[in-house]
Colleague: 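Sharing a structure with you now.
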Amino acid sequence: MSYRGFYVNLDKSLDRRIFIEHELRQNGVLERYTRVPAIDGSQLQMPTNSKLTKAEIACRTSHINILRDNATLDKHIHIIEDDIELSSHHHKLLEGFFAQNQSWDILFTGLQIPLVPKQITFITDLYEKLHTQKHPQNAFFNMRDFLFVGAFSYIINKKSIGKFLKIYEQADTNSPIDFIFREYICFRKELKGYCAFPF
């Protein structure tokens, strides 16, 4: 196995646990994924002067803890939320990307795109290009200049785990997890990010 997966799930959200485990089982990858109890934001004491909501702090901390707890794992780490729907070729998609052996730090398999005309045009053109092919396949585009939000499904390169942990230590405590990724991919250019498309 070239990657291990972790899904974040609140103890009280049994319905979402059943849903995501069904998704993983349907795709034949359930054994690769481990449930991680999410931090319950409603139980948090808010830090003084924090600009984040309790939910954002809980999400950020839950994701960071997965990397901290698996810092020595010699596999790529796939972190997902418990409400995503997986593509029927999810596993082949990931293995196909890994087989390219290109330099990367993080791969997203889904994003939310701000309504920026340039980016909407890029995605529309890419979609049209893929659908004119005789045998359409997924594309992987560089996110260096692609603004985005969302951190509901992404893979951290096993060689980059230490880099991410260092970034988390330096990052603004008022930044949600996806804003940290965007800062270091799109503005500081210190992380090499790619995204699979279609998402």
Colleague: To the nearest 0.5 Å, what is the distance between OG on S153 and CG on L94?
Modeller: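 Reported value, rounded in 0.5 Å steps: 7.5 Å.
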Colleague: With sequence neighbours left out, what residues match K54 under salt bridge (Lys or Arg N to Asp or Glu O under 4.0 Å)?
Modeller: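 By the salt bridge (Lys or Arg N to Asp or Glu O under 4.0 Å) rule, K54 matches no residue at all.
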Colleague: When you measure from the side chain of N27 to the backbone of V29, do you find a donor-acceptor pair of N or O atoms at a distance under 3.5 Å?
Modeller: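 Absent.
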Colleague: Ring centroid separation for F97 and F140, is it under 6.0 angstrom?
Modeller: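 Ring centroids of F97 and F140 are less than 6.0 Å from each other.
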Colleague: Measure the spacing between CD1 of I155 and NE2 of H78 and express it to the nearest 0.5 Å.
Modeller: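 These two atoms lie 4.0 Å from each other.
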Colleague: Look at the side-chain heavy atoms of Ile, Leu, Val, Met, Phe, Trp and Tyr, link any pair under 4.5 Å apart, and say whether L30 and I20 land in one connected group.
Modeller: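 Linked, L30 and I20 end up in one cluster.
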Colleague: Keeping the roles fixed (side chain from D105, backbone from S160), state whether a donor-acceptor pair exists under 3.5 Å.
Modeller: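 A pair under 3.5 Å: no.
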Colleague: Which residues, ordered by chain and number, are linked to V116 in its hydrophobic cluster, where ILVMFWY side chains connect at heavy-atom gaps below 4.5 Å, directly or through other members?
Modeller: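 Same cluster as V116: nobody, lone residue.
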Colleague: When the ring planes of Y154 and F108 are compared, do they come out parallel, tilted or perpendicular, using 30° and 60° as the limits?
Modeller: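 Correct class here is tilted.
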Colleague: Establish, from distance only, whether the side-chain atoms of H91 and Y3 form a donor-acceptor pair under 3.5 Å.
Modeller: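 Short answer, yes.
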Colleague: Does N65 reach the side chain of I39, with side-chain heavy atoms less than 4.5 Å apart?
Modeller: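 Yes - at least one pair of side-chain heavy atoms lies under 4.5 Å apart.
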Colleague: Could you verify whether a donor N or O on one side chain and an acceptor N or O on the other, from T109 and H90, lie under 3.5 Å apart?
Modeller: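 Checked: T109/H90 side chains show no N/O donor-acceptor pair below 3.5 Å.
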Colleague: Does a salt bridge link K12 with D40, judged by any charged N lying under 4.0 Å from a carboxylate O?
Modeller: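 D40 and K12: salt-bridged.
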Colleague: Is there a donor in the side chain of E21 and an acceptor in the side chain of Y33, or the other way round, less than 3.5 Å apart?
Modeller: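 The criterion, which ignores hydrogens and geometry beyond distance, is not satisfied for Y33 and E21.
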Colleague: Between R17 and D82, is there a side-chain N and carboxylate O pair less than 4.0 Å apart?
Modeller: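 Salt bridge flag = no for D82 with R17.
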Colleague: Donor-acceptor pair, T132 side chain versus K129 backbone, under 3.5 Å?
Modeller: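 Between the backbone of K129 and the side chain of T132 there is a qualifying donor-acceptor contact (under 3.5 Å).
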Colleague: For the CZ atom of R4 and the NZ atom of K158, what is their distance to the nearest 0.5 Å?
Modeller: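 With rounding to 0.5 Å, CZ (R4) is 13.5 Å from NZ (K158).
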Colleague: What I'd like to find out is whether the side chain of K118 reaches to under 4.5 Å of the side chain of T121, using heavy atoms alone.
Modeller: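 Heavy-atom side-chain distance check fails, nothing below 4.5 Å.
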Colleague: Working to the nearest 0.5 angstrom, can you tell me the gap between N157 CG and K163 NZ?
Modeller: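 Here the interatomic distance stands at 8.5 Å.
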Colleague: So, using side chain to side chain donor-acceptor pair (under 3.5 Å) as the criterion, who are the partners of H76 when residues are at least two apart?
Modeller: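 Side chain to side chain donor-acceptor pair (under 3.5 Å) list for H76, sorted by chain: empty.
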Colleague: Can a salt bridge be assigned to the pair R16 and D83 using a cut-off of 4.0 Å between side-chain N and carboxylate O?
Modeller: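 Yes.
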Colleague: Would I66 end up clustered with I106 when hydrophobic side chains under 4.5 Å apart are linked, directly or stepwise?
Modeller: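 Linked, I66 and I106 end up in one cluster.
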Colleague: Can you find a pair of side-chain heavy atoms, one from F148 and one from R182, that are under 4.5 Å apart?
Modeller: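 Yes, at least one pair of side-chain atoms sits under 4.5 Å.
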Colleague: Can you check whether E23's main-chain N or O pairs, donor with acceptor, with Q26's side chain at less than 3.5 Å?
Modeller: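 No: the side chain of Q26 does not pair with the backbone of E23.
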Colleague: Going only through I, L, V, M, F, W and Y residues with side-chain contacts under 4.5 Å, is there a path from Y7 to I156?
Modeller: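 Y7 does not cluster with I156.
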Colleague: Do F164 and F181 have side chains that approach each other closer than 4.5 Å (heavy atoms only, starting at C-beta)?
Modeller: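 Of all side-chain heavy-atom pairs linking F181 with F164, at least one is under 4.5 Å.
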Colleague: Could you measure the distance from the CD1 atom of I180 to the OG1 atom of T173? Nearest 0.5 Å is fine.
Modeller: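 Between I180 CD1 and T173 OG1, I get 9.5 Å after rounding to 0.5 Å.
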Colleague: Applying salt bridge (Lys or Arg N to Asp or Glu O under 4.0 Å), can you list everything that pairs with K92, at least two apart in sequence or on another chain?
Modeller: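 Testing K92 for salt bridge (Lys or Arg N to Asp or Glu O under 4.0 Å), a comparison that skips the adjacent residues, returns none.
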Colleague: Would you please name every residue forming a side chain to side chain contact (heavy atoms under 4.5 Å, CB included) with D178, sequence neighbours left out?
Modeller: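 By the side chain to side chain contact (heavy atoms under 4.5 Å, CB included) rule, D178 matches V149, A151, P176.
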Colleague: Evaluate S175 against E183 for side chain to side chain donor-acceptor pair (under 3.5 Å), listing each step before the verdict.
Modeller: CA-CA 9 Å; S175 290; E183 172 76 17; over 6 Å; no
Colleague: What are the two closest non-hydrogen atoms of P37 and D11, and how far apart are they?
Modeller: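 The answer is CB-OD1, 3.8 Å.
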Colleague: I want to check something: taking the side chain as every heavy atom from C-beta on, are S87 and L93 in contact at a cut-off of under 4.5 Å?
Modeller: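 Sidechains of L93 and S87: no contact.
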Colleague: Please find the pair of heavy atoms, one from M143 and one from C195, that lie closest to each other, and give the distance.
Modeller: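 What the structure gives for the nearest pair is SD-CB, 3.6 Å.
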Colleague: How far does NZ of K75 sit from CD1 of I161, to the nearest 0.5 angstrom?
Modeller: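 Taking NZ in K75 and CD1 in I161, the distance rounds to 11.5 Å.
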Colleague: Do you reckon W104 sits in the same ILVMFWY cluster as L191, going by side-chain contacts under 4.5 Å, direct or chained?
Modeller: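 No, W104 does not connect to L191 through the hydrophobic network.
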Colleague: Might you point out which heavy atoms bring V8 and S62 nearest each other, and give the distance in Å?
Modeller: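 Minimum heavy-atom contact is CG1-CB, 4.0 Å.
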Colleague: Regarding R35 and N9, do their side chains bring together a donor and an acceptor under 3.5 Å, going by distance alone?
Modeller: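 Yes.
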Colleague: Under the side chain to side chain contact (heavy atoms under 4.5 Å, CB included) rule, collect the residues that match up with F152, sequence neighbours excluded.
Modeller: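 If we apply the side chain to side chain contact (heavy atoms under 4.5 Å, CB included) test to F152, skipping adjacent residues, the hits are E81, I84, Q112.
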Colleague: Taking all heavy atoms of S103 and all of K192, pick out the closest pair and write down the distance.
Modeller: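 Nearest heavy atoms, S103 then K192: OG-NZ, 3.0 Å.
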Colleague: Could you check whether the rings of F141 and F199 sit parallel, tilted or perpendicular, using 30° and 60° as the cut-offs?
Modeller: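 Rings of F141 and F199: tilted, as their planes differ by 30° to 60°.
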Colleague: I120 and P114: which non-hydrogen atoms are nearest, and at how many Å?
Modeller: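 Where I120 meets P114 most closely, the heavy atoms are CD1-O, 4.3 Å.
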Colleague: Do the side chain of Q119 and the main chain of I113 share a donor and acceptor less than 3.5 angstrom apart?
Modeller: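 A pair under 3.5 Å: no.
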Colleague: Taking D172 first and then K51, would you say they form a salt bridge - that is, a charged N and a carboxylate O separated by under 4.0 Å?
Modeller: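 The answer is no: the pair does not qualify as a salt bridge.
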Colleague: With side-chain contact (heavy atoms from CB on, under 4.5 Å) as the test, pick out the partner of F6 among L67, N70, I80.
Modeller: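 That would be N70; it is the only one of L67, N70, I80 passing the side-chain contact (heavy atoms from CB on, under 4.5 Å) with F6.
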Colleague: Using atom types as modelled and distance alone, determine if a side-chain donor or acceptor of K189 lies under 3.5 Å from a backbone N or O of R144.
Modeller: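 Between the backbone of R144 and the side chain of K189 there is a qualifying donor-acceptor contact (under 3.5 Å).
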Colleague: Does E190 reach the main-chain N or O of Y184 with its side chain, forming a donor-acceptor pair under 3.5 Å?
Modeller: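 Judged by distance alone, no pair lies under 3.5 Å.
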Colleague: For A171 and R60, which heavy atoms make the closest approach, and how far apart are they?
Modeller: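 That closest heavy-atom pairing would be O-NH2, 4.1 Å.
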Colleague: Quick check on the hydrophobic clustering: are I64 and I77 connected, directly or via other members, by side-chain heavy-atom contacts under 4.5 Å?
Modeller: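 Yes; I77 is reachable from I64 via cluster members.
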